[in-house]
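Owing to the predicted nature of the structure, the values given are computational and were not obtained by experimental measurement. Below, chain A is the first sequence line, B the second, and so on; all start at residue 1.
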Amino acid sequence: MAHLELDDHGNILVAALTGELTLANATEVRTELERLFGRKGVSDVVLDLGAVSFMDSSGLGTLVAASTKARSMGRRLLLYRPTPEAVHTMETAQLTGFFPILDDEEDLLALLPD
Amino acid sequence: MAHLELDDHGNILVAALTGELTLANATEVRTELERLFGRKGVSDVVLDLGAVSFMDSSGLGTLVAASTKARSMGRRLLLYRPTPEAVHTMETAQLTGFFPILDDEEDLLALLPD
Amino acid sequence: MHSYEFTTTAQRETYRPFVRGVAATMAAYLASPTLVHPLELVTAEACANVVRHAYPEGQTGPLRVRLRVTPRVGVEISVTDWGRGCAACPLPPGGLAGPELPDVPEGATSGRGLRIIACLCDAVTGETGPDGNTLHLQLAIPEEQWRTSNLTITETSLSRR
Amino acid sequence: MHSYEFTTTAQRETYRPFVRGVAATMAAYLASPTLVHPLELVTAEACANVVRHAYPEGQTGPLRVRLRVTPRVGVEISVTDWGRGCAACPLPPGGLAGPELPDVPEGATSGRGLRIIACLCDAVTGETGPDGNTLHLQLAIPEEQWRTSNLTITETSLSRR
Ligand SMILES: Nc1ncnc2c1ncn2[C@@H]1O[C@H](COP(=O)(O)OP(=O)(O)O)[C@@H](O)[C@H]1O
Ligand SMILES: Nc1ncnc2c1ncn2[C@@H]1O[C@H](COP(=O)(O)OP(=O)(O)O)[C@@H](O)[C@H]1O
């Protein structure tokens, strides 16, 4: 796990997930996301899903739970470049619009204060 | 299936196989190879295995049979760029040395008369 | 028709290897790997339900998938458990269809599995009895999406460039 | 230990989809797809033998693979048929080991399946009886080749380039 350096103005954290996000590891991912939100100074967590090859409704449920908890603390969970399959899963699960989605690096950099 | 033009000095035919070469299609491949050797003017058939993702001992057996038949007619079956997996399968089947193997394009062009 | 049967013990640890096996068998019939995703997803959702809901908390039991492939037509995936039965989720008599399912509340952290299944399958029926509780998923697959042959011989003549 | 069972009817048409399913379940445990090849190959050879030799010409019968995965240790693949039995190929009492097998004649078009199996497996034993004819293949897999987790979170801070 890479060491984290939050930069001065940045209270945005980018976390990349690789592999799968399913029932098999949903609890593990949720714990990890809550740990990230618990970091001092973190306002937004950007979850990079670019390398997530498979996601099921249990995986999605974990993201919903983490996002709801973050919102209740005035923070945000954003999803970064989900694969077409992941987008499709979210659509069939009627979850489009629930998460802020960043499609590319431009969207990501737009989050930064000037 | 692409149309074949044998060039003037060339009586070498390059045939590319894609997919798998297994028990499931061994008979089909053997028929096809015999058809190629039956072409007028063909002396060598170079079988391009670069895109063959899986090969089993039945697939190998088919190549041995086709090669033996070709030899009996004074012709040759050569294998072109087998994948590392295919080479490994040939090794464990004790078939190294049985087929002339062309590793790359240089080997292939060396077949041509000057 | 080609038939395959897969069984394991329903556990979080066996869920993904098991579903990947079923998906790979289906993938062997299809022209492109991208077509596999919806087939894998519906299988995964039905198997996840067995892992999460079929057997009492802390216990486990068998999970079986029967796969029937009718080449150039479609597949039927039947997922069976021998647990408490789907009394909690009776399927409508005519089977499951997307529009008949209640909407999932926005922030709900569960309840999307059957919706995904209903949305991606052409027909879903269920059955409960001494032979287990089975969800039958049917998916038609357009003819051009089937792998026609896993062999193509292309011929080229050899000449110096 | 995780157990999986796969069954189908032994046919040329079902052979590859079936073996791909078994291989994908094993692949789910491994760090790299390249490690799957020997596992898939030995499974394929044992299943091809059932398709080609177990049942009388023109007939078919069941083919079953039982897979037992002991994470961080290895796998055992048991391939069973209910055909004529391996009377034609009695395994040595201590199981099958490469050097004990007769060499395959150079131009032979068959007879390499058991050799490949013996060469790639750590232990091979066979058994014939009313419960079928089974070839048990055991393969140890070095600890570093197992997938440790299918999740890695890497953190980076966001800043303008
Ligand atoms: N195999 C099963 N055995 C028992 N109950 C089930 C089974 N499958 C589904 N259910 C019930 O149906 C409900 C809806 O399932 P689903 O839509 O997949 O959402 P979720 O699993 O996230 O709750 C489950 O909460 C459960 O009560
Ligand atoms: N499941 C089986 N049932 C009956 N006979 C078998 C079985 N597996 C192998 N055999 C016998 O063992 C022989 C050697 O098998 P193998 O080394 O795989 O070579 P091949 O299958 O190419 O002949 C076969 O020819 C066959 O007679």
Considering all heavy atoms of both residues, which atom of [X] and which atom of [Y] are nearest to each other, and what is their separation?
X	Y	answer
L41(C)	D56(A)	CD1-CA, 4.2 Å
E106(C)	L95(A)	O-CD2, 4.1 Å
T92(A)	C119(C)	CG2-SG, 3.5 Å
T68(A)	G107(C)	OG1-O, 4.4 Å
A108(C)	V64(A)	O-CG1, 3.5 Å

_For L60(A), which atoms come within 4.5 Å of any heavy atom of chain C: side chain, backbone, both, or neither?_
neither
*Can you tell me if CD on E144(C) sees more than 12 non-hydrogen neighbours from other groups inside 6.0 Å?*
yes
*Is R16(C) close to L23(A) at the side-chain level, that is, under 4.5 Å between some pair of heavy atoms?*
no
*asked:* Would you say that S58(A) contacts E45(C) through its side chain, given a criterion of any heavy-atom pair below 4.5 Å between the two side chains?
replied: no
*Measure A44(C) against the heavy atoms of chain A and call it side chain, backbone, both or neither at under 4.5 Å.*
side chain
*Interchain contact, E40(C) with chain A, by part (heavy-atom threshold 4.5 Å)*: both
Going from [atom1] on [X] to [atom2] on [Y], what distance comes out if it is rounded to the nearest 0.5 angstrom?
X	Y	atom1	atom2	result
T89(A)	H37(C)	OG1	NE2	3.5 Å
I116(C)	E91(A)	CD1	CD	11.5 Å
L114(C)	S57(A)	CG	OG	9.0 Å
L63(A)	T109(C)	CG	OG1	11.5 Å

*Is a donor on one side and an acceptor on the other found under 3.5 Å between the side chain of R112(C) and the backbone of A93(A)?*
yes
